[in-house]
Enquirer: 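Sharing a structure below in structure tokens format, with a few things to ask.
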Amino acid sequence: MDDTRNLEEKLAYYQKENEELKLRVEELSDFFENASMPLHWVDAQGIIIWANQAELDALGYSKQEYIGFPIGNFHADQHVIEDILNRLVNNETLYDYTARLKCKDGSIKHVLINSNVMRKDGKFMHTRCFTRDITGKVQEEQRKNDFVTMVSHELKTPLTVINSYVQILINKAKKDADNSSGQLLTRIEAQTKKMIAMVQDFLTPARIEGGKIELRKEAFVLDTLINETAQYAKLLTSKHSINLIADESISVEADRDKIGQILINLLTNAIKYSPKGGAITIGYEKHDEKVRVFVSDQGIGIDKSHHKRLFERFFRVNNELKEVSGFGIGLYLVSEILRLHGSRINLQSEANVGSTFYFDLETLN
Ligand code: ADP
């Protein structure tokens, strides 16, 4: 009798446990199926094996049109999905990886992907992929950029005209031996050039991103360009000493204007971010087949924690120099122009000690 009761109690207990378990499973599957964030799993062959409703709704496909198909079919950029799958196979976890997905109606969605792989006994089972739609943000950014580009275009012409009139006046002052006017005009010229360089900085990213930028490579003597830029920097500051370190004369093949734009950006930053003055050095040294060009300062420096993001567009270090104007575009441009040259910008910097920015170019001699 007791045995039967025990058995009944046990049965009732297991039934209750079972129901609890079923409830938890239902809750969990509801959590994933009906979560407001798009989610999917992809197997080791890159085939979508599960996707939730939010993902289907976001892209406009039915289950039958989406599950069972290669994930690559829904990506706008094949090299991107190849890279994503490669990284996942190699055990990487992706954080906010940007990608573009193809919707059923032909439109494109910009997304951030967070993903890693579920493994069993080391075997790739499936990815756990979370997708966040950032199309609105990207479009807003695009509108902002278009506006900045348009304004910059409008500013460029009058500034160039002002600059040419100032040059005429400088020549006239020279002829008339009018030194005081000459000095003032030279300062006006420097500030106008600064504005032209700024406008140029705003125009270049849009052109780079639109794939519209073409390097106009030519052979030129690096020393002359460095010397010219240093002379120009001297006009921008009376607080700093601008020093030149030049090795033997070196010729390079690169886009002279754009390398000049890089040097001006680095020098203006060196001035801006060393408010107490000090020495700023621009120079180059030969390294085997290459030449290393550098700009260093004794300014506020940059803490290591910021080095990684420094070359992103609109990134500015939140330092104590809030009054220093800028848009966080200069270093982004520097790195993009160097990327087009097959080179890259490097940095050695320590907070409160100073910074050295440097890059390599192929030499001709
Ligand atoms: P901007 O100067 O317009 O802010 P940049 O892209 O040229 O934009 O620079 C990004 C950020 O990097 C700056 O806001 C500044 O915080 C930091 N930075 C750049 N150059 C220097 C430098 N020489 N010394 C210290 N900080 C620098």
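This structure is a prediction, so every number in the text was calculated from the model and none was measured. For the numbers below, each heavy atom of this structure counts, side chains included, while hydrogens, waters and symmetry mates do not. Counting convention: from 1, in listed order, for ligands and their atoms alike.
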Enquirer: Using a plain distance cutoff, I'd like to know if Leu331 has any nitrogen or oxygen under 3.5 Å from a nitrogen or oxygen of ligand 1.
Expert: yes

Enquirer: Do any nitrogen or oxygen atoms of Leu310 come within less than 3.5 Å of a nitrogen or oxygen of ligand 1?
Expert: no

Enquirer: Using the test side chain to side chain contact (heavy atoms under 4.5 Å, CB included), find all partners of Ser180 that sit at least two apart in sequence or belong to another chain.
Expert: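 Only Asp178 meet the side chain to side chain contact (heavy atoms under 4.5 Å, CB included) criterion with Ser180.
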
Enquirer: Check contact between Ser355 and ligand 1, using heavy atoms of the residue and a distance below 4.0 angstrom.
Expert: yes

Enquirer: Kindly assign one of parallel, tilted or perpendicular to the pair Trp50 and Phe32, based on the angle between their ring planes and the thresholds 30° and 60°.
Expert: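 Because their plane-to-plane angle is over 60°, the rings of Trp50 and Phe32 count as perpendicular.
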
Enquirer: Does any donor atom in the side chain of Ser62 or Glu65 lie under 3.5 Å from an acceptor atom in the other side chain?
Expert: yes

Enquirer: Do Glu140 and Arg143 meet the salt-bridge criterion of a basic N to acidic O distance under 4.0 Å?
Expert: no

Enquirer: At the 4.0 Å heavy-atom cut-off, does Lys272 count as touching ligand 1?
Expert: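 Heavy atoms of Lys272 do come under 4.0 Å of ligand 1.
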
Enquirer: Which atom pairs, donor and acceptor, lie under 3.5 Å between side-chain atoms of residues 333-344 and protein residues at least two apart or in another chain?
Expert:
{"from": "Ser335", "atom 1": "OG", "to": "Tyr332", "atom 2": "O", "distance (Å)": "3.0"}
{"from": "Glu336", "atom 1": "OE1", "to": "Arg339", "atom 2": "NH2", "distance (Å)": "2.7"}
{"from": "Glu336", "atom 1": "OE2", "to": "Arg339", "atom 2": "NE", "distance (Å)": "3.3"}
{"from": "His341", "atom 1": "ND1", "to": "Ile337", "atom 2": "O", "distance (Å)": "3.0"}
{"from": "His341", "atom 1": "NE2", "to": "Asp255", "atom 2": "N", "distance (Å)": "3.0"}
{"from": "Ser343", "atom 1": "OG", "to": "Asp360", "atom 2": "O", "distance (Å)": "2.7"}

Enquirer: Does an N or O anywhere in Gly328 fall below 3.5 Å from an N or O of ligand 1?
Expert: yes

Enquirer: Would you mind listing which atoms of ligand 1 come within a distance below 4.0 Å of any non-hydrogen atom of Ile329?
Expert: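 Reading through ligand 1 atom by atom, the close ones are 6 (O), 8 (O).
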
Enquirer: Hey, which of Ile329, Thr268, Ile264 is the one that makes side chain to side chain contact (heavy atoms under 4.5 Å, CB included) with Asp201?
Expert: Ile329

Enquirer: Are any of the side-chain nitrogens in Lys144 or Glu141 under 4.0 Å away from the carboxylate oxygens of its partner?
Expert: yes

Enquirer: Show which atoms of ligand 1 fall inside a sub-4.0 Å distance from at least one heavy-atom site of Gly330.
Expert: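 It comes down to these atoms of ligand 1: 5 (P), 6 (O), 7 (O).
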
Enquirer: Hey, which atoms in ligand 1 end up nearer than 4.0 Å to a heavy atom of Phe315?
Expert: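 Once the distances to Phe315 are compared, the set is 10 (C), 11 (C).
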
Enquirer: Say whether Phe357 and ligand 1 are in contact under the criterion: heavy-atom distance to a ligand atom below 4.0 Å.
Expert: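 Yes, Phe357 has heavy atoms under 4.0 Å from ligand 1.
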
Enquirer: Between ligand 1 and Val317, is the shortest N or O to N or O distance under 3.5 Å?
Expert: yes

